[in-house]
Structure formats: C-alpha cells, structure tokens
Enquirer: 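Once you've had a glance at the structure underneath, I'll fire off some questions.
Just so we're on the same page: letters track the sequence lines, and every chain starts at 1.
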Amino acid sequence: MKAAVLREANKPLEIEEVQVSKPGPREVLVRPVAAGVCHSDLHFLDGSYPYPMPTILGHESAGIVEQVGRDVTYVKKGDHVITCLSAFCGHCNKCLTGHLSLCASPEVSRAASEQSRLSIQGETVHQFLNLSSFAELMLIHEHALVKVREDMPMDRAALIGCSTTTGVGAVFHTAAVEPGSKVAVIGCGGVGLAAINGAAIAGAGQIIAVDMVDSKLELAKAVGATHTINASSGNAVGEVIEMTQGGCDYTFEAIGLKATAEQAFQMLCSGGTATVIGMIPVGTMVELHGVDFLAEKKIQGSNMGSNRFRVDMPRFVDFYLAGKLHLDEMISKHIKLADINLALEALKTGQEARHVIMFDQ
Amino acid sequence: MALVTIESEITGNVWKIEAAAGTATEEEDVILILESMKMEIPVESPEKGIIKEILVSEGDQIQEGQDLAILDTGD
Ligand SMILES: [Zn+2]
Ligand SMILES: [Zn+2]
C-alpha cells in the first residue's frame, strides 16, 4: 500500500510503498475512506514533539473494515468505523475507573520484540499513535475503533476521530461545563471550534471566541460563539474580563502555547477552571500568579477530550445528523494523499479550516 | 573523562532500548524509545560519546526526571 512517510523532521512527507503485517488476534485492518489533517500532526512534523522515524503521521480517520484478527468479534468486514488514538486495554486501573483515554497499557501496540505492524522492505516504520492514517491501510488494535451508522458521511466522520472528540470532550467531560455559564475559547482551529460548538450544545450562556484571524472568528460564530475577540489588539484578557463582567467560569486553551495557557488562567472568575487542550512543547514551563489560587481558580489538562470514545463518537454522529454538531463548515478542502504536503503547509499558516484526504476506493 | 547523565523529560514506560552499554553514539542517535500517552518518544544522545550504562530495562515504568543512561563523552 501507499503511505506518506516522514523520515526527518521538517522535511516533506514522501509517498512510499509500505508493507502491512497480517492482523494479529485482536487487530483489525481498516481501509480508510477519509483522513483529516490535524494540527497536532504538525507538532510531530516540526519536531517540537520528537517521534521515532520513519513514521507515518495522521490520526483522524474513518473507514471500512477490511479484515479482522482471529479473536475480534466487535466488528466484521464491511463495517463503517471511526478510529481513535485513545486505544484502551479495558482492565487497567484507569480503564476500570472510567478514564479510558488515560489508559497507558502497552498491550494495544505491538511489543518491540514482535514484527512491527508497518515496514518498508524489512525496516521498521513506527506506527504513529497506534494509528498512522496517512496511508491506504491501517492495522490497528480492535480497541482503537468504534462502529458508526452507515448514513454518516465519511469525511465528517473522520473529524470526529480527533478534533471533535478533543474539543467537545474537553467541554463535556474534562470541564463539565454547566448550562448558563460563561466560557472563553482561545484558538479557533478545528479543536477550538469543536470546543465552542460543544459549549453551545452544553448550554453555556456566553461563549467568547478568541483568535487572531477574522475568518476563523466568523466560523466561530457559525458554530455557536456569542462574542468574538481578535487578539491582535493585544489585550484579550482585559476584553474577556470586561465582556463577562469579571471573568469566565470555564476557559479553554486550544493552541498549545505557554502565553495562551497563562491567559486562559487569567481570564477566569473566582472558582473558575481553565482547561489546556493544546499541546505545549516538551520542556516548556507555564507560570501562574500564586495568589490566584486563593480565589480557587483551577487549571487542568485535557487529552483527547477525556473521551470514552465508543460511547462518545456515536453520540457525536447523532449530534451531526441532528444538526447540532457543525462539521460541514470545518472542512475547507478535500485532497488526495499525494497532496498531503500542501495541506500541512496550509495548516501552518493558520488561515484555513481543515483539509481532508479522500482515498480512492 | 566526562560523564553525562541522560534524564527522562516525561513519565511513561520504556518501550525499546536501541543502544547497549559500550555503543558509540553520535549526537542525536536514538538510545532508547519511551512510550507515554500513546506516543513513542525517542531519547537521543545529547552529544558524541560511548554509552557507559543503560539504567533502565524494556517495560520499566519511569518518572519525569529519572536517570535513563550515562554517556561517556571522553573529554
Ligand atoms: Zn488531532
Ligand atoms: Zn487500560
């Protein structure tokens, strides 16, 4: 099969012929139909999150089951599925206490001593986040996918695989936003827009979108923002405090920068909670004003929206089909796998919504 | 002889050890691969040298700041 291979940080991906191993007892071979190009792929491309190479990026996809391993009963050939990087073992302390997205069990990937799932003429290709979706086939653990309704369009379904789950999940699960509350979201990329949409579904009273790009602020309004702030003016914190008459109950950072994580904390009212969704580069420290803890301000991380994706994703599909979850607006372009580098470049400029790869079927 | 201790930047577990004691490394050569929050994270040699000791084994759970390996940089 063909795949977009990353061999060195900051170099273009190369389309190469890659060999896929046979499904192990609990593995599923999926033929992706659509794969989103997500902002977090960039963190690995530019090396701010180191990853062993060669690897195949991509972690947001929907497809059709091609083949299942001996012990797989959950899906069969032909089922429509969304993949998720939050593969869970189902029996560790995190899984058993309902925190499936924090499962760290190594059993969902192959051990270093086993044949790797992906290879190029005998050379190991490191599977990215147990998925690697910029490829014509994906060999994944059965706990890294969920079955979905077949009337769900695949390109929209792909987005649910990461950005929707990350943004909406941060609002529903990590922060548990209360109806009527005041919310600010910093960063209106795919994840930030999903958080705004999630806050609207959760019934937030005031939803302030903060970004530096006007077109993204327009999108934010289309998915549920009640107010917008163009942060180029340089005083987003002051404007949020003024708009909310004292700060937000919940803020969400969806960029991954020290400065905006700190701003998310500064935008809170007393008792408020800041949730950092963005991936802050390894080694970066975040500074908070200690006295703010006396006002019971809180800050927390959110990884993949604290999801229980086998429960969440079919609900998100229903939300989309009911017109509550806005995914059509999130896709700016459909591309071919061969155009992946252009999509990654476009993402870097921050001007556009998402590009989605459509695979030839 | 200058010894450099290589620490982990994250909490996770050791997925694969790529270089044994005695291996000569160049700067940025991968010494071992950690696994944390579904990510594989390579730990690279900070400079040219010889691995004096690997302090962890495959499958070990490790904490942020924990010593992973000792590199002899010779000078
Ligand atoms: Zn993503
Ligand atoms: Zn588990």
Enquirer: Is A:L102 close to chain B through its backbone or its side chain, or both, or neither, when contacts mean heavy atoms under 4.5 Å?
Expert: both

Enquirer: What is the distance from atom CD1 of A:I280 to atom CE of A:M285, rounded to the nearest 0.5 Å?
Expert: 11.0 Å

Enquirer: Step by step, would you call B:I54 with B:I31 a side chain to side chain contact (heavy atoms under 4.5 Å, CB included)?
Expert: CA-CA 9 Å; B:I54 300 281; B:I31 297 172; 3.7 Å; yes

Enquirer: To check you understand the geometry: which heavy-atom pair defines the closest contact between A:I299 and A:A261, and what is its length?
Expert: CD1-O, 4.1 Å

Enquirer: Rounded to the nearest 0.5 Å, what's the gap from CZ on A:F252 to CD1 on A:I277? Could you check?
Expert: 6.0 Å

Enquirer: Answer whether the closest heavy-atom distance between the side chains of A:V5 and A:L13 falls below 4.5 Å.
Expert: no

Enquirer: Please report the shortest heavy-atom distance between A:V168 and A:A194, naming the atom on each side.
Expert: CG2-O, 3.3 Å

Enquirer: For chain B and chain A, give me every donor-acceptor pair shorter than 3.5 Å, distances to one decimal.
Expert:
| from | atom 1 | to | atom 2 | distance (Å) |
| --- | --- | --- | --- | --- |
| B:W15 | NE1 | A:R110 | O | 3.3 |
| B:E35 | OE2 | A:S109 | OG | 3.2 |
| B:K38 | NZ | A:A87 | O | 2.6 |
| B:K38 | NZ | A:C103 | O | 2.7 |
| B:E40 | N | A:Y51 | OH | 3.4 |
| B:E40 | OE1 | A:H126 | ND1 | 2.8 |

Enquirer: Given a strict heavy-atom distance threshold of 4.5 Å, which part of A:F44 is in contact with chain B: side chain, backbone, both, or neither?
Expert: side chain

Enquirer: Measuring centre to centre across the rings, with the benzene-like ring taken for any Trp, is A:F309 within less than 6.0 Å of A:F88?
Expert: yes

